[in-house]
Protein chains: 4
Amino acid sequence: MTADPEVRLRADARRNRDQIIAAAKAMFAEIGPEVPMDEIARHAGVGVGTLYRRFPDREALIRSVARDNFAEVLIEAEAAEAEEPTAWEALVRLLRRSRALRLTVRLALLSPEVWATMRDDADVRRFRAEILAILDRIVRGAQEEGALRRDVGAGDVAVLVSLLLKRIPAAADVTEMVADRVFALILDALRAEAATPLPGRILTADDLRTD
Amino acid sequence: MTADPEVRLRADARRNRDQIIAAAKAMFAEIGPEVPMDEIARHAGVGVGTLYRRFPDREALIRSVARDNFAEVLIEAEAAEAEEPTAWEALVRLLRRSRALRLTVRLALLSPEVWATMRDDADVRRFRAEILAILDRIVRGAQEEGALRRDVGAGDVAVLVSLLLKRIPAAADVTEMVADRVFALILDALRAEAATPLPGRILTADDLRTD
Amino acid sequence: MTADPEVRLRADARRNRDQIIAAAKAMFAEIGPEVPMDEIARHAGVGVGTLYRRFPDREALIRSVARDNFAEVLIEAEAAEAEEPTAWEALVRLLRRSRALRLTVRLALLSPEVWATMRDDADVRRFRAEILAILDRIVRGAQEEGALRRDVGAGDVAVLVSLLLKRIPAAADVTEMVADRVFALILDALRAEAATPLPGRILTADDLRTD
Amino acid sequence: MTADPEVRLRADARRNRDQIIAAAKAMFAEIGPEVPMDEIARHAGVGVGTLYRRFPDREALIRSVARDNFAEVLIEAEAAEAEEPTAWEALVRLLRRSRALRLTVRLALLSPEVWATMRDDADVRRFRAEILAILDRIVRGAQEEGALRRDVGAGDVAVLVSLLLKRIPAAADVTEMVADRVFALILDALRAEAATPLPGRILTADDLRTD
DNA sequence: TATGAATGAGACTTCATTCAT
DNA sequence: AATGAATGAAGTCTCATTCAT
């Protein structure tokens, strides 16, 4: 699941590396990509030096976390495609379930700088391309099934997904329900029956930002 | 439009204050609520000292900008309600056009800390309540018109609005179109015809975060 | 004497700036160009922040010290040329007396990195050019007086000067005498009577490093 | 050539030790005595741990390099004395040719701290004494030959040598020539014919810094 | 024994806030 | 009252040295 096992680390180094990635993942998700490096190190149970030995700077760490996450999303997308009976259901599952997606999007979209950091990473680009390819297949499949409106493309869907991943501003006790409702509303927007003509043209995966 | 005229400022002090708010508004929108205070001061054409004389700390400045913004949103909401022929159109106008809304939401939602800063401000709470009241009227009106699905409340709509205010990750040349399409999709989700049963219960304004 | 009065500083800022330059000058001479910035700040009696406000980074500080020093050397060279009865005596005075020269050379020569930092500074280049022009005049004058050997140029002399500015490794109590003797030996090397043919060609000011 | 074979190392340990010394020598000469220990280790093809096992800290390494170097200088001095037909020529050869001398002086003179590190080392002191004794013999011999001025001692000569070992600040393409000329000028300063009375008294080897 | 991983102190730099002018 | 200088805490990163494998 990790994209870059680097040569071959000693057992303890490996363990530390994994802990650091895990800690970073958690804290990026929790607090954002600007959490102090010392905090990440402390949460990972290592010294800052160790963190910096493994990841020369914050960017490198972010890149690694992103790679890791993109890889995870890819696996989830593949599973959804393989295991769900219909393309529409695969789409729903993907949109609903991917926690990994959440962090990825948080990193990639919420902060242009972070995205700039990631977008030149070969692994990230590759994963991204594969994920979008799967999404594209799922979208076409769902349209052929007659479930998904025909005037949208993988790009449109991806944008909607990204919307779903915002922190939703609701009182704590209804957060879950709010998320479920928003999700259901978005699905309604995608259904073939909803279809009111959309402006512009169908967005493909390529329309998403690569700038 | 500013909620708190503080005692009564001398003309030049008044001017400075306004310039600072304007600069802060612009830079919060542009860069985010963490822009250096010096930058804000420079853009406002005043010294930092002046900024701090007017706003004891960053929080105070954010609160003031927020007040200002909420006030503006309120005015826009009132105008939409008063000037549009149908409630549905008022809703559409509000959702589509409010630049003030954008910054407000950016401040309030993107950063929990900032929201924490704002939510205890009496003016902010008042404006918020009024805005939500109007939104509530518009929502009910649109439902009575048969345009808006009946299983949503002002809370649901507000959440959807907040989704619209994310920076959308598309290649520069299609940004505009992407935004338009997302907006159209969201409207489709709200139309009476789209209506697939939603989970949970109708969200009122009170369900939105006050935590 | 300071090359860059920057716009116009407030009295206190001016004082601080001068103190920082003075402290830096002393510590660069004493310890070397790598002294911690905090130390310099402390010796100048200011906080680090102040130092950094005035000089964005170590390079900027070094450049300023260098400018200051080159300016001083220039003044000394002008005085030597103007006040001494013969060119030879002007040369001797310049070589013997310039304390400013000492630091300048310490910064410029002992550390290639530091030199790299300085050499692109317009002021430094200008001062350097003027100093070398004066030296050139003095050298030719002394040769016409028959005092200075004819097979050397300003470049050769400058190189010998630079040699004189090393920290000389002697027991503390003879340091002074050692320096005097070395100086006298070097002068002997330059006298017309010493003249044993030299290899290569006469070095002009332009041969000195500008790489 | 190495002064301290320490007990008796296994062949591979021996090899490592030598590689480390060689790497350190090269990098001290190239970059200076502050190069990161990791770098030295890497260049020596060993791990840092190995370096530290052999040399408890940076000081110890510097001391060892210095010992090694002093030993080399001693050998060169002995060879010059033994092989050259006249004392003057021995002197010239020693001054001109010793690369080992260059590093030694770089370490000993450019950095007072490093010198402080070296000067208490018994081996270093012994080598130094022997080298100076040879230099003393060469100096007296050259004076008896009538080639070297009579008002200088081994101390004076050593000081001049040290001057020769500075990095000379010339454009890259003339560096070699500059060095040659400086060398010739220094020799001229030492010739019997140059002799203008010097201030102070003749410097012996003992006058050189032992502080 | 050799390796290279981990540590943590310390250097550099930025910026929110205070304060002298 | 306005200005912008000064402060110092906090964050980033480097590297000498120690220690587990």
Side-chain angles (χ1 to χ4, degrees), chain A residues 7 9-17 20 34-42 44-61, chain B residues 9-10 12-13 15-17 34-42 44-61, chain C residues 7 9-17 20 34-41 44-61, chain D residues 9-10 12-13 16 34-42 45-61:
Chain A
V7 279
L9 293 172
R10 227 165 63 183
D12 56 343
R14 174 86 236 163
R15 188 166 357 93
N16 277 333
R17 199 197 123 93
I20 291 170
E34 73 289 340
V35 269
M37 296 293 262
D38 300 40
E39 297 270 287
I40 297 175
R42 176 160 50 268
V46 303
V48 231
T50 302
L51 197 168
Y52 274 95
R53 155 181 282 271
R54 215 48 75 201
F55 309 95
D57 54 20
R58 177 183 296 279
E59 286 208 356
L61 177 58
Chain B
L9 295 171
R10 244 170 49 190
D12 56 343
R15 190 166 356 90
N16 276 341
R17 202 196 121 91
E34 73 290 343
V35 271
M37 297 294 262
D38 294 39
E39 298 268 288
I40 297 173
R42 178 161 48 268
V46 304
V48 235
T50 304
L51 196 168
Y52 272 91
R53 156 176 292 273
R54 224 40 91 198
F55 308 95
D57 56 19
R58 177 184 295 280
E59 287 208 356
L61 177 58
Chain C
V7 281
L9 295 172
R10 227 167 62 184
D12 58 342
R14 174 87 237 165
R15 190 170 352 96
N16 276 335
R17 199 197 123 94
I20 292 170
E34 75 290 348
V35 270
M37 297 294 261
D38 301 39
E39 298 268 288
I40 297 174
V46 304
V48 235
T50 303
L51 197 169
Y52 273 93
R53 155 181 281 269
R54 214 47 77 200
F55 309 95
D57 56 19
R58 177 183 296 279
E59 286 209 358
L61 178 57
Chain D
L9 296 170
R10 245 168 50 190
D12 57 342
N16 276 340
E34 73 289 346
V35 270
M37 298 294 262
D38 294 40
E39 297 268 288
I40 297 174
R42 177 159 53 266
V46 304
V48 236
T50 305
L51 196 168
Y52 271 91
R53 157 176 293 274
R54 229 32 98 201
F55 308 95
D57 56 18
R58 176 184 295 278
E59 287 209 356
L61 177 58

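Since this is a predicted model, take the numbers as computed values, not measurements. What's counted below: heavy atoms across the whole structure, side chains too, no hydrogens, waters or symmetry copies. Residue numbers begin at 1 in each chain, while the letters A, B, ... track the order of the sequences.
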For the side chain of [X], starting at C-beta, report the closest nucleotide among [options].
X: A/Met37; options: F/dC13, E/dC12, F/dA16; result: F/dC13
X: A/Val48; options: E/dA9, F/dT17, E/dA2; result: E/dA9
X: D/Ala13; options: E/dA2, F/dT12, F/dA16; result: E/dA2
X: C/Asp57; options: E/dT13, E/dA16, F/dT17; result: E/dT13

Show your reasoning for whether side-chain contact (heavy atoms from CB on, under 4.5 Å) applies to D/Met37 and D/Tyr52.
CA-CA 9 Å; D/Met37 298 294 262; D/Tyr52 271 91; 3.4 Å; yes
Rounded off to whole Å, could you give me the [atom1]-to-[atom2] distance for the [X] and [N] pair?
X: C/Arg14; N: F/dT3; atom1: CZ; atom2: C1'; answer: 19 Å
X: C/Asp12; N: E/dT21; atom1: CG; atom2: P; answer: 6 Å
X: D/Arg53; N: F/dT17; atom1: CZ; atom2: C1'; answer: 15 Å
X: C/Ile20; N: F/dT7; atom1: CD1; atom2: P; answer: 9 Å
X: C/Leu51; N: E/dC15; atom1: CG; atom2: P; answer: 17 Å
X: B/Glu34; N: E/dT14; atom1: CD; atom2: P; answer: 16 Å
X: D/Tyr52; N: F/dT18; atom1: OH; atom2: P; answer: 8 Å
X: C/Glu59; N: E/dT13; atom1: CD; atom2: P; answer: 9 Å

Testing the basics here: between A/Arg17 and A/Arg54, what is the closest heavy-atom pair and its distance to 0.1 Å?
CG-CG, 3.6 Å
Toward the 5' end of DNA chain E, which comes first, C/Asp38 or B/Arg58, by nearest nucleotide?
C/Asp38
Applying side-chain contact (heavy atoms from CB on, under 4.5 Å) to C/Asp12 and C/Arg15, what does each step give before you reach the verdict?
CA-CA 5 Å; C/Asp12 58 342; C/Arg15 190 170 352 96; 3.8 Å; yes
Its dot-bracket string being built from Watson-Crick and G-U pairs below 3.5 Å, with | for another strand and [ ] for crossing, DNA chain E has the pattern .||||||||||||||||||||
Please state whether the phosphate of [N], meaning OP1 or OP2, lies under 4.0 angstrom from any side-chain nitrogen or oxygen of [X].
X: A/Thr50; N: E/dT7; answer: yes
X: C/Arg15; N: F/dA5; answer: no
X: B/Asn16; N: F/dA1; answer: no

By the definition side-chain contact (heavy atoms from CB on, under 4.5 Å), identify the one residue from B/Val46, B/Leu51, B/Val48 that meets it with B/Ile40.
B/Leu51
Considering residues at least two apart in sequence or located in another chain, which fulfil the salt bridge (Lys or Arg N to Asp or Glu O under 4.0 Å) criterion with D/Glu59?
D/Arg63
Quick one: on DNA chain F, does C/Gly49 or A/Val35 contact a more 5' nucleotide (nearest heavy atom)?
C/Gly49
Could you check A/Pro56 against C/Gly47 and say which one's nearest nucleotide on DNA chain F is further toward the 5' end?
C/Gly47
Looking at every strand, decide which applies to A/Val46 at a 4.0 Å heavy-atom threshold: base, sugar-phosphate, or nothing.
sugar-phosphate
Atom pair CD/CD of C/Glu34 and D/Glu34 - distance to nearest 0.5 Å
7.5 Å
